[in-house]
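First up is the structure itself, then whatever we jot down about it.
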Amino acid sequence: MPHFAPVRVRGGLLWSGRPARHRRRAVAAGLAVTAVALVAAGGPREADRSRGRPEGTSSAQAGAASTEDRVARARRAGARVTAPVRIADAATVRLLRPGDRVDVIAAEERVTGGEARVVARGARVTEVPKPLEDTGTDGALVVLSVPRAAAADLAGASATARLAVTLW
């Protein structure tokens, strides 16, 4: 076979990397422009706010903002939280397992007999802690997953009434 001189391709390696390099630069420039636009449109700073409302906000804008705030508060109110609750009958708590659904009933203690009311419906049992050695208190602790509003009702009821549960 005859001897041939080596074939040299000019710019072959450089050309193959150019489109990728240009593409990366274009993406980087696009991201930089997007970041600048987001910072510019970020809204008023803390120093510009007056009583929670940016200066120069019209009443229509304020109404829309307050509606958004109410929707956000309602969404947070519907969020579930965990609440530790002391149930008056410890034997009833020993029947509970994580995942069970219960209704929590508050029975007010009065001389003439009290009324019972349901404080939380369909609360999910998340944990049944082991009782401590001779705590000297009545009842047993159970941790329930309830809506935020029901947690406030549970805390108030536990201060004034004895709590009981019914299994679903």
Side-chain angles (χ1 to χ4, degrees), residues 27-28 30-32 34-168:
V27 169
L31 288 174
T34 303
V36 169
L38 288 174
V39 168
R45 307 288 185 261
E46 269 314 303
D48 296 341
R49 294 185 185 268
S50 170
R51 294 188 183 186
R53 188 182 308 163
E55 287 185 26
T57 303
S58 68
S59 61
Q61 290 171 335
S66 65
T67 302
E68 290 172 6
D69 290 343
R70 269 188 264 130
V71 169
R73 275 192 300 251
R75 192 174 295 133
R76 282 192 303 266
R80 298 187 74 82
V81 297
T82 55
V85 178
R86 183 160 302 280
I87 305 300
D89 186 12
T92 304
V93 173
R94 284 194 300 267
L95 296 173
L96 300 177
R97 300 286 176 259
D100 287 347
R101 292 256 183 199
V102 295
D103 288 343
V104 181
I105 302 167
E108 305 222 3
E109 296 180 24
R110 295 187 192 153
V111 177
T112 60
E115 291 186 19
R117 63 185 173 94
V118 177
V119 181
R121 294 185 190 280
R124 184 174 297 277
V125 176
T126 57
E127 186 178 349
V128 182
K130 300 280 186 213
L132 298 175
E133 302 296 325
D134 191 30
T135 58
T137 59
D138 287 340
L141 192 67
V142 64
V143 181
L144 303 174
S145 175
V146 294
R148 187 178 297 274
D153 292 341
L154 279 170
S158 66
T160 60
R162 292 175 55 93
L163 300 179
V165 292
T166 58
L167 258 143
W168 278 26

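Numbers here are sequence positions counted from 1.
- Using a distance-only test at 3.5 Å, with no hydrogens or angles considered, no donor-acceptor pair links the side chain of Arg101 to the main chain of Ala123.
- The two residues Ala150 and Val146 make their nearest non-hydrogen contact at CB-CB, 4.1 Å.
- No hydrogens or angles considered: nothing links the side chains of Asp100 and Trp168 as a donor-acceptor pair under 3.5 Å.
- The two atoms that bring Leu144 and Val102 nearest to each other are CD2-CG2, 4.0 Å, heavy atoms only.
- Closest approach of Arg86 and Gly139 over heavy atoms only: NH1-O, 3.7 Å.
- Annotation for Arg117 and Ala157: closest pair NH2-CB, 3.8 Å, computed over non-hydrogen atoms.
- Remark: of the listed residues Val93, Thr92, Ile105, Leu95, Thr92 is the sole one forming a side-chain contact (heavy atoms from CB on, under 4.5 Å) with Val165.
- Between the side chain of Arg148 and the main chain of Ala79, no donor-acceptor pair closer than 3.5 Å is present.
- With hydrogens and angles disregarded, no donor-acceptor distance shorter than 3.5 Å links the side chain of Arg124 to the backbone of Ser145.
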Item checked: Worked check of side-chain contact (heavy atoms from CB on, under 4.5 Å) between Leu141 and Val85 -> CA-CA 6 Å; Leu141 192 67; Val85 178; 5.8 Å; no
